[in-house]
Novice: 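Shown below is the structure under consideration.
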Amino acid sequence: MKMKMLCSALAGASLLLSACVGGGSSSTTAAGPSRNVLFFLGDGMGITTMTAARIYSVGEDGELTMDKLPETAFVHTFSNDAQVTDSAPSMAAYMTGVKMNNEVISMTPETRATDASGNAYHSSYDSTCPSGNGQAVPTLLEQMKAAGYGTGVVSTARITHATPAATYAHVCHRDAENTIAAALVPGGTGYNARLGDGVDVVLGGGSLYFTPKADGGRRNDGRNLIDELKAQKYSFAANKSEFDKLPVDGSRIAGLFTKDHMAYDLDRDASKEPSLAEMTGKAIDVLSARKKGFFLMVEGGRIDHALHATNARRALQDTVAFDDAVKLALDKMNRIDPGLRNTLIVVTADHDHTLHLNGYAARTGKTEAGKPGVLGLVKNYVDGKASTDVDGNPYTILGFGNGPRRLATRGPIDTAALESPDYLQEAVVPLASETHGGGDVFLGAQGMGADRFSGVIDNTDVFTLIKKSVGL
Ligand SMILES: [Zn+2]
């Protein structure tokens with residue numbers, strides 16, 4: 001059955017056609033090349049965030065792993081109805097090739113997230129999308145699953161948050177996270193049947209939407225989706241020690257390590273929560289054991305959250321943790337598939353933020369104890385003295401276009417405060433929460449078909465280019 005589906009899906013791909021025509025094998029992908037796609041998304045990881053994270057981690061003249069990817073492009077991120085996108089339509093554009101409205105998860109372009117009065121189509125985290133309000137569009141994960149590939153979704157955010165949701169769910173409003181969670185559980189009401197026997201690897205945060213209110217969760221229907229996943233033969237982990245024991249024999253695994261989002265990397269207790277790199281490594285071990293090729297999505301989900309708070313230090317540390325996951329994946333995949341001849345790795349972001357890097361600071365080198373580096377004041381490159389604004393007050397290298405810390409009057413800066421993980425950078429426009437930005441984002445690629453990614457492209461093009469590389 002899988003063989004037949006794969007052959008029809010790959011009818012145009014000459015490389016695999018011989019395996020399909022040959023027909024003798026029970027597993028076409030085992031007979032032909034096993035192809036792998038690893039899609040890394042740094043949520044809100046604009047280019048200024050990447051630059052600042054590089055300086056923070058390895059200094060101005062160092063390189064992140066992302067900097068070394070051989071193929072690169074700029075990506076336009078606007079959505080169907082907005083100049084500045086949120087994660088839902090941007091990730092959905094990568095995953096479906098369709099531009100949709102803000103807050104919509106993998107649905108057709110006309111789908112609306114709100115009614116005419118602007119009221120969101122969800123209530124207490126359950127979808128209230130009216131019938132006829134758009135249709136589901138197939139995602140890359142669903143298409144690869146249907147073609148017989150293994151599939152995995154990994155995030156440091158809630159696994160029902162917009163970015164991971166856009167790979168496996170279809171709903172008119174991203175905040176319907178109870179509805180989104182149900183889409184992941186085979187056999188249950190609300191399951192997304194396009195996922196066949198289920199997503200093979202699910203790792204992240206957000207058990208709230210999988211557990212009933214009576215048990216401290218947010219489900220209104222009384223279901224315990226974690227118990228249902230276990231009944232569907234998922235090995236399940238709720239903490240780091242259980243994570244370490246998850247099988248890597250190719251059987252399905254799920255891990256939800258926190259009720260809400262996982263911790264920022266700066267605050268993470270390594271004995272309780274795995275790192276993004278550790279989750280990525282486990283996912284690759286499980287999926288490569290299946291020997292059928294796979295699609296894996298990995299999200300650095302909390303870069304965005306720290307930026308919304310204008311907390312640059314945590315955003316930069318989470319960007320470095322994301323880069324560590326990319327490095328681990330490149331090393332591991334090069335051992336499994338030397339030269340990445342059958343493996344495509346794509347690294348990108350869904351949108352920019354309003355982070356800016358000010359002034360003519362002398363080079364700071366990386367951030368160390370007592371040396372804030374890029375998190376410090378602008379100190380002039382000529383004499384090393386703090387540069388000042390028109391009133392004679394110093395200013396920090398990093399700042400934001402908008403956000404919660406808008407000073408009524410600027411004054412001196414307590415440099416000891418810059419060492420605190422909780423320091424919030426100043427903003428130009430006062431807003432309770434910093435917004436996304438509209439700048440183009442970086443895309444880097446390596447391996448099978450990576451040279452297709454070049455120049456300036458639209459986020460919807462990424463879907464098409466990945467499909468061409470896989471031969472789907
Ligand atoms: Zn955001």
Side-chain angles (χ1 to χ4, degrees), residues 40-50 52-53 75-95 99-106 113-114 120 122 125 155-167 169 171 173-177 180 204-206 209 260-265 276 297-319 321-322 347-356 398-405 424-425 427 429-442 459:
F40 282 85
L41 187 120
D43 199 313
M45 188 183 68
I47 289 173
T48 309
T49 298
M50 290 179 70
V75 184
H76 294 175
T77 65
F78 66 95
S79 75
N80 191 50
D81 63 351
Q83 189 175 68
V84 176
T85 188
D86 72 288
S87 294
S90 183
M91 183 58 169
Y94 289 142
M95 291 298 109
K99 236 183 226 305
M100 58 202 72
N101 293 329
N102 271 17
E103 302 185 286
V104 174
I105 302 280
S106 296
T114 57
H122 74 94
Y125 314 110
S155 177
T156 48
R158 297 190 298 265
I159 206 68
T160 51
H161 212 234
T163 300
T167 68
V171 65
H173 200 290
R174 56 179 285 171
D175 288 350
E177 291 185 63
I180 290 167
Y209 299 94
D260 205 324
H261 301 301
M262 292 177 71
Y264 289 114
D265 194 62
L276 187 60
M297 191 289 294
V298 177
E299 183 199 24
R302 305 222 61 200
I303 301 166
D304 177 68
H305 302 155
L307 291 170
H308 279 303
T310 64
N311 182 192
R313 187 182 289 262
R314 284 192 175 86
L316 302 190
Q317 178 60 37
D318 261 53
T319 304
F322 175 73
V347 181
T348 189
D350 48 357
H351 55 76
D352 195 8
H353 266 272
T354 73
L355 181 72
H356 49 246
L398 297 179
F400 287 85
N402 60 55
R405 195 158 168 259
L424 302 186
Q425 274 68 23
V429 176
L431 289 182
S433 176
E434 186 261 2
T435 70
H436 297 172
D440 295 349
V441 295
F442 164 89
N459 54 6

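From a predicted model like this one, the values you see are computed outputs, not experimental measurements. When a ligand or atom number is given, it counts from 1 through the structure's own listing order.
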Novice: Have a look at Val441 and tell me which of Thr49, Val75, Asp350 forms a side chain to side chain contact (heavy atoms under 4.5 Å, CB included) with it.
Specialist: Val75
Novice: Can a side-chain donor-acceptor contact be found between Asn311 and His305 if the only test is distance below 3.5 angstrom?
Specialist: no
Novice: Check this for me: does any side-chain nitrogen of one of Asp43 and Arg302 sit under 4.0 Å from a carboxylate oxygen of the other?
Specialist: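 Salt bridge absent between Asp43 and Arg302.
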Novice: Give me the one residue out of Thr77, Asn102, Asn101 that meets side chain to side chain contact (heavy atoms under 4.5 Å, CB included) with Pro89.
Specialist: Asn102
Novice: Between Thr354 and Glu434, do the side chains contain a donor N or O and an acceptor N or O under 3.5 Å apart?
Specialist: yes
Novice: Return the number of protein N, O or S atoms with a distance to the Zn ion (ligand 1) smaller than 2.8 Å.
Specialist: 4
Novice: Angle class for the Tyr125/His122 ring planes (parallel below 30°, perpendicular above 60°, tilted otherwise)?
Specialist: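 Parallel: the ring planes of Tyr125 and His122 meet at under 30°.
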